[in-house]
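For clarity, every value in this text was computed on a predicted model and none was experimentally measured. Position 1 is the first residue of the sequence; numbering continues from there.
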Amino acid sequence: MTFLPLLFSVLIATPDAPAPAVDKPAPPTRLQLETVEGTMIEGMLKSIDASGVVTLQDVGTEQQVNLNDLTSITVTTFDPTAASNVENNCTLHLPDGGEVAARLLEGRTGKITVDVGLGSMVPVSLSGLAGVQFNTTSSGALHSEFQARLKDRDKGRDLLIAVKDDKPVVLPGALEALDHESWSFRIGSKVQTGALDRAFGVVLGGPAASAPAGPVSFSLSGKRRFTASIRSADATSIDVDAGPLGRLAIAWPQISGIAVRSDRVVYLSDLEPVTIDHRSIYDASWPPKMDRSVTGGPMVIAGREFDRGVGAHAPTTLTYDLGGAYDSFVSMIGIDDAAGPRGRAVFRVICDGRVAFESSPIGHGPAESVRVSLAGVKKMTLECDPGPDLEISDHCDWAGARLIRAKRAGPR
């Protein structure tokens, strides 16, 4: 019977070990691809290779699409809670207009190290940046001054945007040092040093424009936007070269969207019409706006916002000289949400004097798609005419309006 106490002592001395933690597998990455022609393709991502071929698989089948045949990639498994929990203390402004919220960790001559919330520290050369903003909250005057200086940088001269009575004071000179607590800035022969919150930011000297870092623009959770070139991707993450930010590995759930700059696409807002004809309404002039609604606000149709396009007030006519260089015209059309409950208009596309498309009177509701063949077309005219409600609030959006060149041979 002596084995019972022995067994009892063993049970006390060696309690059951907790079950080992099992990592949950990452959910499959589902993408929605929009082609330059406006069609949608959806499936589970298998890979993106170095040549830009996107391979999707769904229900045992595979489909391949070249990045150059796309305008956007939407990550339908995007998780807004995947936003970085990094306590940001600065925003990096990139030469191409991108901006990345970050935590400044350390600095040395000409370089800083930041945490951009992607799981690794990122070394950044200051010469590759347009500016560094320190304050995340400010008055409109400070923000406007900083943005204006970013758009018109002086080569070889930095600008410190100091703060006095919540107003900007612009000081020319040279940034000497920058770290997680303070900045040092040379003005003439003197070097001034202050805590990060003692200035709004610094605009770094350099050319006003810079070549894009890559053919795709990433929008990430937590106020991070930048351009990059895709090296490769699998179902878990994507590996990119992001210019001043270097090489980054990004988990798919952090990506809210990817805009693709295809060389097959020319957005209408980047072209100058050869003629514009618009009639004033009730003594108010409503000229068309590029990449904005006709009132100057964001272009929004039924809650969906569009970055590119042409906003116009009916009646308006715009004519473009195409010279037979394009394969098709693609756009979404609708009445802008800013028009309120009113507004109805007829949208029309005329190719070399022939009506190629005409809508019924369109009021508020989801955007409708338009695709018109432009094979051999020399001149294209876009018209929007008042609907049966006369000319009241006929705020017309040619959203995402673009010209498409013929597709090159490639995988499908």
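For Phe347, the ring-ring contact (aromatic ring centres under 6.0 Å, His included) partners are Trp398, not counting sequence neighbours. For the ring-ring contact (aromatic ring centres under 6.0 Å, His included) test, residues two or more places apart in sequence or in another chain that qualify with His93 are Phe146. The ring-ring contact (aromatic ring centres under 6.0 Å, His included) test applied to Phe306 returns no partner, not counting sequence neighbours.
With contacts defined as side-chain heavy-atom distances shorter than 4.5 Å, the pair Val170/Ile161 qualifies. With a 4.5 Å cut-off on side-chain heavy atoms, Arg108 and Glu106 count as touching. In this structure the side chain of Ser359 never reaches within 4.5 angstrom of the side chain of Arg348, judged on heavy atoms. Side-chain atoms of Pro315 and Pro386, non-hydrogen and from C-beta on, do get closer than 4.5 Å to each other. A 4.5 Å side-chain heavy-atom check between Pro288 and Leu318 finds at least one atom pair inside the cut-off. At a threshold of 4.5 Å between non-hydrogen side-chain atoms, the residues Thr35 and Ile41 count as touching. You'll find the side chain of Val300 stays beyond 4.5 Å of the side chain of Asp397, heavy atoms only. At a threshold of 4.5 Å between non-hydrogen side-chain atoms, the residues Ile73 and Phe218 do not count as touching.
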*Can Thr319 and Thr381 be said to form a side chain to side chain donor-acceptor pair (under 3.5 Å), step by step?*
CA-CA 4 Å; Thr319 299; Thr381 298; 2.9 Å; yes
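Among the candidates Val75, Thr74, Asp58, the single residue satisfying the side-chain contact (heavy atoms from CB on, under 4.5 Å) test with Arg30 is Asp58. Screening Asn89, Asp179, Leu92 for a side-chain contact (heavy atoms from CB on, under 4.5 Å) involving Leu104 leaves a single residue, Asn89. Screening Leu159, Val203, Leu204 for a side-chain contact (heavy atoms from CB on, under 4.5 Å) with Leu150, the sole residue that qualifies is Val203.
Distance CD1/Ile404 to OG/Ser373: 12.0 Å, rounded to 0.5 Å. Here the CZ-OG1 distance, from Arg261 to Thr71, works out to 13.5 Å after rounding to the nearest 0.5 Å. Here the OH-CE distance, from Tyr320 to Met380, works out to 6.5 Å after rounding to the nearest 0.5 Å. Rounded to the nearest 0.5 Å, atoms OG (Ser256) and CG (Leu220) are 6.5 Å apart. Rounded to the nearest 0.5 Å, atoms CG (Leu70) and OG (Ser262) are 8.0 Å apart.
Residues Asp394 and Arg344 are not paired through a salt bridge, judged by the lack of any N-O separation under 4.0 Å between the basic side chain and the carboxylate. With respect to Glu34 and Arg402, a salt bridge is recorded, a charged nitrogen being found less than 4.0 Å from a carboxylate O. In summary, Asp241 and Arg231 engage in a salt bridge, as defined by a charged side-chain N under 4.0 Å from a carboxylate O. Taking a cutoff of 4.0 Å between a charged side-chain nitrogen and a carboxylate oxygen, Asp270 and Arg308 qualify as a salt bridge. Between Arg264 and Glu37 a salt bridge is recorded (basic side-chain N to carboxylate O distance below 4.0 Å).
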Per-pair distances, 0.1 Å, donor-acceptor, side chain in residues 242-252, under 3.5 Å, sequence neighbours excluded:
from, atom 1, to, atom 2, distance (Å)
Arg247, NE, Asp239, OD1, 3.1
Arg247, NE, Asp239, OD2, 3.0
Arg247, NH2, Asp239, OD2, 2.5
Trp252, NE1, Asp234, O, 2.8

For residues 322-335, which side-chain donor-acceptor pairs fall under 3.5 Å, sequence neighbours excluded?
from, atom 1, to, atom 2, distance (Å)
Ser331, OG, Ala399, O, 3.3

Side chains of residues 118-129: which donor-acceptor pairs under 3.5 Å do they make with residues two or more places apart or in other chains?
from, atom 1, to, atom 2, distance (Å)
Ser125, OG, Ser127, N, 3.4
Ser125, OG, Ser127, OG, 2.8

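Judged by distance alone, the side chains of Thr193 and Ser184 do bring a donor and an acceptor atom under 3.5 Å apart.
The number of heavy atoms from other shown groups lying within 6.0 Å of CZ (Arg186) is above 12. Heavy-atom contacts from other residues, nucleotides or ligands closer than 6.0 Å to CD of Glu62 number more than 12.
Aromatic ring centroids of His395 and His313 lie under 6.0 Å apart.
For the pair Asp154 (side chain) and Arg157 (backbone), a donor-acceptor distance under 3.5 Å is absent.
Between Lys167 and Leu142 the shortest heavy-atom distance is C-CD2, 3.7 Å. Residues Ile258 and Val216 approach most closely at CG2-CB, 3.8 Å, considering heavy atoms. For the pair Arg225 and Leu94, the tightest heavy-atom approach, listed with the atom from each and the gap, is O-CD1, 4.2 Å. In this structure, Phe200 and Val163 approach most closely via the heavy-atom pair N-CG2, 3.7 Å.
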